[in-house]
Protein chains: 2
Amino acid sequence: MSGRGKAADEPSSHSLETAARKRSRSLAALGYTKPQTYEELRAVLSSGTVHFPKRLRQVAIFLWQHPSEVALGTIAQVAEQAGVQPSTLVRFAQIFGYSGFSDFQLLFKDRMKGSWPDPQGSPDKAGEPNVDLHFLNGMVGACQASLGRIGNNFDIAAFETMVDHLAAAELIYVIGSKRAFPVTTYLSLTLSQQGVRNVLVDNVGSTALDQVGCITPRDAVLAVSFSPYNSITPDLVAVAHERKARILAITDSTFSPLVKLSDTWLEVVEQDFGGFRSLAASLAVGMALVHGVVARRTD
Amino acid sequence: MSGRGKAADEPSSHSLETAARKRSRSLAALGYTKPQTYEELRAVLSSGTVHFPKRLRQVAIFLWQHPSEVALGTIAQVAEQAGVQPSTLVRFAQIFGYSGFSDFQLLFKDRMKGSWPDPQGSPDKAGEPNVDLHFLNGMVGACQASLGRIGNNFDIAAFETMVDHLAAAELIYVIGSKRAFPVTTYLSLTLSQQGVRNVLVDNVGSTALDQVGCITPRDAVLAVSFSPYNSITPDLVAVAHERKARILAITDSTFSPLVKLSDTWLEVVEQDFGGFRSLAASLAVGMALVHGVVARRTD
DNA sequence: GCTGTTTTCGAATGATATTTCTATTTTTTG
DNA sequence: CAAAAAATAGAAATATCATTCGAAAACAGC
C-alpha cells in the first residue's frame, strides 16, 4: 500500500543496474512479458516453465490458493499467512517485472473489484453466540466452498482420461499420506466394495517402497497429495513412474511434484478454516472416479 | 492500512473525554451498538433512524453503492472517490463506534474474504450431457445436503459435553471402521498435529481388542459408526465401556448400537448418491470437535 | 569436499497512510 | 438577525508499511 511513489518512477542509475541484473535471470530471459491481468499471471504460473526455489514456490502456491487474501491484506499479513518474509513477496513480484508488491497486488485488487459477494443465504443465524458453533459453521462453509469450486473449473476431459486409464488397469495402486490418507482409504474401500481390485499403499510396516516395487506397466497408480508436499507420496510415485505404470493424480496446484510425474491430473483445491482443511471436494471427486471406473468395466 | 496499533488501544485519558463527548451524540445515544458485520451496518444505514449531515451522508451513499472500493482501497482513494476528506471518513467510522477507518474497513474486507470471483464458465453446462459429470454433481449435491443438515438440528449441548470430556481425558482412543475409517484417520491426524495425544484403533495386525484392553477410566473413546452397524466398532466400544472410559459417539441414528454404550452422542446423517455415501458432514463435525478440544486445553 | 553462485533472512530506511487537532465555515436556535 | 453549536477542511503528527541492502545460509557444480 505504501512506497508506491518512488517505486513507480524510473529506477535511478544505480538501481537500474541492479534491476537489470536481476531481471536477466527473471522472466524477461524466458521471453515472458509482465502479466497485465490476474488471468495472465495464472497462465504463466501454471505453464510450468518457471521453476522456483523453495520460498518462492511457497509464495506461488499461496497466492494460487488464496488470491483474496493477497488482494485484501497488507504485505505483512500475506507474508505471515504464506509463511515467508515480506521481502520474499517483493522479490517474487520483481521477478515478474513489477516494481514491488503494491504494484503486483493491483492485479489481485482489480480482479476482485466490482465483484461484491451476494447477500449470504443464511439469514444471519442469530449472531452465532457460541464459539464452537461459529467454528463448525466456518468449517461447513469451507466444505461448501470447496465443493462449489468443483462445479466451475472442472476439467472433465482429464477426469474422463483418468477413468479410462483406471478402468484399463490390471491392478490399481492407491497412494496418499497425511491429509490425503483419509481420501485414499475411502477410495480403496469403495473400490473394493465395487469389486475393483486395488492396493492401498498405507506404509504399515514401512513396506510401501516394496509394494510399489511390484508395480508393472499394466497397473495404474491413483495418487492423492496436497500442499505442503512433504510426504513420501512423491517418492513412491516416482518409483511407479520408473516402472512405467500409468500415473493419475489428484492434487491442489500445478506446483505439486506429482504433476510432472503423472499422465493425467486433476486440480482439486480444498479450502481451510482455522487451519483445518476440508476434504469434501476430494472425496466427492474420488467417489465419482470410482463410479466411473465401475461403469466402464461393466459396459 | 496504517496507524492501527495505537488506534486499537484504549483511548488515553485525554482522548477518552473527547471520544466520550463525540459518542454521546453518536449512535450510542440512539441505542445502537457497534455493527459487527457488514450486514448489520447495512441494516442500520437502511433503517432510516440515523440522519447525517451533508458530507457524512455522501459517505454513507458511497459505501452503500461501492462496498468493494471501500474494501480494496486506502482511505485516501476512498475519500477521493467519495468526494470527501479522509478525516471525514474517520469521523464517520467513529460515529459508529470504531476507533478509526482501518477498524471500520475490516467489516468490508471480512465480507469480501473468501469470495473470489469465479472465472465465469458456462453457467449450467447445457444440462449435463455427460454421465460422469452427472454423477459428480449428484455426489456434490449429497455432500452439500449432508452439510446443510448440520446447520439445522445440531445438538450443540451434546457437542459441548463431548468436547469437555475429550479435553479432560488422559488419552483419547479413536475408533471407527469401514466407512467411518477415513473420518477416524483424519481425526487422529489432526489431533496429533494439534498436540493432542491419541490412539487410532485401526486393527492393523488384529490388535484392536488388545489395544482397547489397555483403556483406563481416565481415558475417552471417540467412536464413529454408520449404518449398517456390522463392523467390530460396537464390540470394541463395549470393551471400553466395561473398562469405564468415557464414550463419545458420532453416529447416524438412535438405533446405532453405540448409542446405549455412550455417555454422549451426536447424530450426523450423511446422504448418499448412487450408493456412495458422503462423509463431508462427519468430517466437518470431527474437525469442530478437534478444534474445541484444543481450545479447551489451551485455556 | 571445496568454491562460487543463488537464495533467504532481517534490520534499516524512506515513503505512505491514518489519525488528531485547530481554524473556518455552515447550520441551528433564540 | 445574532450568537452558539455543529460540521468540515486542511495541515501536522504519528504509526505502519513497503522496499532496499548487506550478511548469512543453502545450494550446485566441479
Side-chain angles (χ1 to χ4, degrees), chain A residues 1-9 11-12 14-19 21-26 29 50-60 70 72-80 82-95 98-106 109, chain B residues 1-19 21-26 29 50-60 70 72-80 82-95 98-106 109:
Chain A
M1 208 66 39
S2 305
R4 225 176 305 158
K6 188 193 170 196
D9 297 335
S12 65
H14 168 66
S15 57
L16 185 66
E17 273 182 55
T18 317
R21 206 153 33 90
K22 283 198 177 160
R23 214 173 292 123
S24 69
R25 36 181 138 87
S26 75
V50 210
H51 284 288
F52 293 115
K54 199 173 92 186
R55 284 278 120 89
L56 292 179
R57 162 169 306 208
Q58 224 172 303
V59 171
V70 180
L72 259 12
T74 67
I75 190 173
Q77 291 166 340
V78 175
E80 192 191 336
V84 300
Q85 295 287 328
S87 52
T88 306
L89 289 175
V90 176
R91 264 190 305 128
F92 187 91
Q94 288 174 337
I95 286 175
Y98 296 93
S99 64
F101 177 75
S102 302
D103 202 11
F104 180 70
Q105 193 184 31
L106 284 181
K109 289 196 174 182
Chain B
M1 209 68 40
S2 304
R4 224 175 302 159
K6 190 194 170 197
D9 295 336
E10 280 305 302
S12 64
S13 60
H14 169 66
S15 57
L16 184 65
E17 272 183 57
T18 317
R21 205 155 34 89
K22 284 200 174 156
R23 213 173 292 124
S24 70
R25 31 181 143 90
S26 74
V50 208
H51 284 290
F52 292 114
K54 198 173 88 183
R55 285 272 118 92
L56 292 180
R57 164 169 309 205
Q58 220 172 308
V59 171
V70 180
L72 259 10
T74 68
I75 191 172
Q77 292 167 342
V78 175
E80 192 192 337
V84 300
Q85 294 289 325
S87 53
T88 307
L89 289 176
V90 176
R91 265 189 304 124
F92 187 90
Q94 287 173 338
I95 285 174
Y98 296 93
S99 64
F101 178 74
S102 300
D103 202 10
F104 180 70
Q105 195 184 29
L106 283 182
K109 290 195 173 183

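Naming: A, B, ... by sequence-line order, numbering from 1 per chain.
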> Just by modelled atom types, is the Thr74(A) backbone N or O under 3.5 Å from a matching donor or acceptor in the Gln105(A) side chain?
Replying inline: no
>> With a 4.0 Å cutoff (strictly under), does any side-chain N or O of Gln94(B) reach OP1 or OP2 of dT20(C)?
In response: yes
N/O to N/O distances under 3.5 Å, protein versus nucleotides 24-26 of chain D:
none

>> Could you tell me how far apart Lys54(A) (NZ) and dC9(C) (C1') are, to the nearest whole angstrom?
In response: 12 Å
> How close do Val70(A) and Val78(A) get, heavy atom to heavy atom, and via which atoms?
Replying inline: CA-CG2, 3.9 Å
> dT19(D) phosphate, OP1 or OP2: any side-chain N/O from Ser102(A) under 4.0 angstrom?
Replying inline: yes
> Quick one: which of dT19(D), dT18(C), dT8(C) gets closest to the side chain of Arg55(A)?
Replying inline: dT8(C)
> Among the nucleotides dT20(D), dT7(C), dT19(C), which one has an atom lying closest to any side-chain atom of Pro53(A)?
Replying inline: dT7(C)
> Between Leu72(B) and Lys109(A), which heavy-atom pair has the shortest distance, and what is it?
Replying inline: O-NZ, 2.7 Å
> Just how far, in rounded Å, is C1' of dT16(D) from CD of Gln105(B)?
Replying inline: 14 Å
>> Just N and O in the side chain of Ser87(A): are any of them under 4.0 Å from OP1 or OP2 of dA18(D)?
In response: no
>> Heavy atoms only, 4.0 Å cut-off, all strands: where does Leu56(A) land among base, sugar-phosphate and nothing?
In response: sugar-phosphate
>> Using side-chain heavy atoms (C-beta onward) and a distance below 4.5 Å, is Val84(A) in contact with Phe92(A)?
In response: no
> For the pair made of CZ in Phe101(A) and P in dT16(C), what is the distance, rounded to whole Å?
Replying inline: 17 Å
>> Distance check needed: dT20(D) P versus Leu89(A) CG, whole Å only.
In response: 13 Å
>> Within the 3.5 Å criterion, strictly below it, is a donor on Gln58(A) or Arg55(A) matched to an acceptor on the partner's side chain?
In response: yes
> For the pair made of CD in Gln85(B) and P in dA17(C), what is the distance, rounded to whole Å?
Replying inline: 15 Å
> Can you check whether Arg91(B) has a side-chain N or O nearer than 4.0 Å to OP1 or OP2 of dT8(D)?
Replying inline: yes
> Quick one: Gln58(A) CD to dT7(C) P, roughly how many Å, whole number?
Replying inline: 15 Å
> When rounded to the nearest 0.5 angstrom, what is the spacing between CZ in Phe104(B) and CG in Leu106(B)?
Replying inline: 10.5 Å
> Atom CD1 of Ile75(A) and atom C1' of dT16(C): how far apart are they, to the nearest Å?
Replying inline: 14 Å
>> Distance check needed: dC9(C) C1' versus Phe92(A) CZ, whole Å only.
In response: 18 Å
> Taking five pairs at each end, how big is the angle between the two axes of the helix from dG1(C)-dC30(D) to dG30(C)-dC1(D), to 10°?
Replying inline: 40°
> Any side-chain N or O of Thr88(A) less than 4.0 Å from the OP1 or OP2 oxygen of dC9(C)?
Replying inline: yes
> Do you know which two heavy atoms are closest between Ala93(A) and Gly100(A), and how far apart they sit?
Replying inline: CB-O, 3.5 Å
> Going from CD on Gln94(B) to OG on Ser87(B), what distance comes out if it is rounded to the nearest 0.5 angstrom?
Replying inline: 10.0 Å
